[in-house]
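See below for the structure under consideration.
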Amino acid sequence: MKKKINMFLLGVGALTIILTMIFSVVVFYGLFKTEVFENLKTYAHVLESSALVDDIVNNSYSSNIDNIRITLISSDGTVKYDSYANSLEMENHGARVEVAQALSVGEGTSIRTSSTMKISTFYYAKILPDGSVLRVAKEARSIWSIFSKVIPLMMSVALGLFAICMFISHLLVKSFVAPIEQLANNMDDYCSISTYKELVPFINTINKQHEDILKNAKLRQEFTANVSHELKTPLTSISGYSELIENGMTNEVDVVRFATEIHRNSSRLLTMINDIIRLSELDVIDMQVQFEEFDLFEVANNCVNMLRVNAMKNIVTLNFSGEHCVIQANKGMIEEVVYNLCDNAIRYNVKNGIVFVSIHQIENDVILTVKDNGIGISKENQERIFERFYRVDKSRSKSTGGTGLGLAIVKHILSQNNARMELESEIGVGTEIRVIF
Ligand code: ADP
C-alpha cells in the first residue's frame, strides 16, 4: 500500500509539473504573439500617418534597419513593392490570408512557420485609403523553437520539483502509515503511539476490539478451568464410591450410603452439564431470539406455583401479586429467568422466610420484582454474582443444588430480551431483584 500511495502521489506530482510547463509555454507564447502583432500594427500606423509609404516606394526610406519587411500590394493582389525582394518577380498576393482579410475587412493577420519549424513570420496587413494594402512582417521564433530552447531549463526545474515531490510524498506516506505500523507491532502500548487526530477513532475502535478479544479469551480460559474443576469434584466422588463398592470393601449399610452419594453427585453433574449447555446455546443464538407477546403475570404465576413445593421444603412462604401485563419477549427464556430468581430467593433464604413475587406496570415499564428476607449479599459480592461459577457461599450453593451458573444465564437472557436488572441487597436483611421490560 505504501508503494501504491507513493507511486500515486508521484504520478500526480509529475502530471502537475508537465501540465504546468505546457500551460506556461502556451500562455507565454500567446502574450508574445499579441505583443508582436501590436508592434506591427503600430509600425504600420506610423508608416501610414507619416506618409513614409511614398518614401519607401521611392526607395528613400529603408525599413531593413528595423528588421521589418514592408510590402505594398495593389487591390488586385499585384505586389507593387517589397523591401526584401524584387516585386516584379513576386507572385500575386491577393490570396494571402492577411491580404485577403485586409481587402475584405480593413486589416488582417497571419503567422507562417518555416519548413524547419524554427522561425515564424508574423504578418499584419491593412488597407490604405487608395485601396492598396500595406503589409508589414517580422520574423520571430516559433512556439516550437521557444519550446525547444526552454526544454533543458524546464527539464532541470522539473527534475528538481520531482525530487521535492518524491521527498514530500515519502514523508507524507511515512507519517500516514507509521502509526498504523506501530499499532500493528504493539497493540498493547497504543498510548505511546504518536498519531494524528483522524486516526484516533480508528485506533480507539481497534484497541477496544483488541481488549474485548483479550477479555473474551481470558473469560473462556477461566470458564474452561472452572468447568474442569467443577466437573472433577463430583466425578472424583462418584469414582471413589463406586471403586469401594467394586472392591467389595463395603457392608450393606455403606452400599446404600455410597449409592446415595453417587446418585447425588451424578444429579449435580447432570444439572451442571445442562447449565453449561444452556449457556453455550445462549451464546450461539445471540442473533435469532424469537419474540412473542404474552402475559408476564401468567408466566410468573405458573413458575411460582411450580416452586411452592420447594418453598415448603425450605420452610419459606411464597407470595405472588400484581396485575396482568403483556410484554414482547421470548416466553421460554423469561420463564427460565423467573424460575431462577424465585428459586434463588427460596434457596438463599432463612427458616420461615418470605419471598414476594410481583408484576407491575409503571408508565411504559413492566417490572418483575422478586424480593426475599433471606441471607442477603454483601456489596463486593453483588458485582460478582453474575459471573459464571461465582458463588458467595460455595457449600450452601452446592448443598442446595446450585451450580453458580443461574444468574449468568439470567443476565445473558435479559440482554437478549431487551430487559435490564436492578439489584438491592443487604446482608441479613434480604435481597430485591427487579427486572424491567
Ligand atoms: P447458584 O447456582 O449457586 O445459585 P447463581 O448464579 O444463581 O448460582 O447465583 C450466584 C450466587 O449468588 C449464589 O451462589 C448465591 O451466593 C448468590 N445469590 C443469588 N441469589 C441470591 C439471593 N436471593 N440471596 C442471597 N444470595 C443470592
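For ligands, and for the atoms within them, numbers begin at 1 and follow the listed sequence.
A cation-pi arrangement is present between Arg112 and Tyr123, with the terminal nitrogen or guanidinium carbon under 6.0 Å from the aromatic centre and inside a 45° cone about the axis.
In terms of polar-atom proximity, defined here as any N/O pair under 3.5 Å, Ile377 makes no such contact with ligand 1. Between Tyr390 and ligand 1, a contact under 3.5 Å exists for no N or O pair. Considering backbone and side-chain atoms together, Arg347 places an N or O closer than 3.5 Å to an N or O of ligand 1. No N or O atom of Ala408 sits closer than 3.5 Å to an N or O atom of ligand 1. Checking only distances, Gly406 does come within under 3.5 Å of ligand 1, N or O to N or O. Below 3.5 Å of separation, one finds an N or O of Val392 facing an N or O of ligand 1.
Contact annotation for Thr431 and ligand 1: only side-chain heavy atoms (C-beta onward) come within less than 4.0 Å of the ligand. The residue Asn340 has no part lying near ligand 1, judged by heavy-atom distances below 4.0 Å.
In summary, Glu222 and Arg388 do not engage in a salt bridge, as defined by a charged side-chain N under 4.0 Å from a carboxylate O.
Side-chain contact annotation: Tyr124 with Glu107, donor-acceptor N/O pair under 3.5 Å present.
Taking CG from Leu296 and CD from Gln328, the interatomic distance works out to 13.5 Å, rounded to the nearest 0.5 Å.
Proximity of the aromatic rings of Phe356 and Phe320 is defined here by a centroid distance below 6.0 angstrom, and this criterion is not met.
Residue contact check for ligand 1: Gly374 places no non-hydrogen atom closer than 4.0 Å to it.
Looking at Ser425, its side chain never comes within 3.5 Å of a backbone N or O of Gly376 through a donor-acceptor pair.
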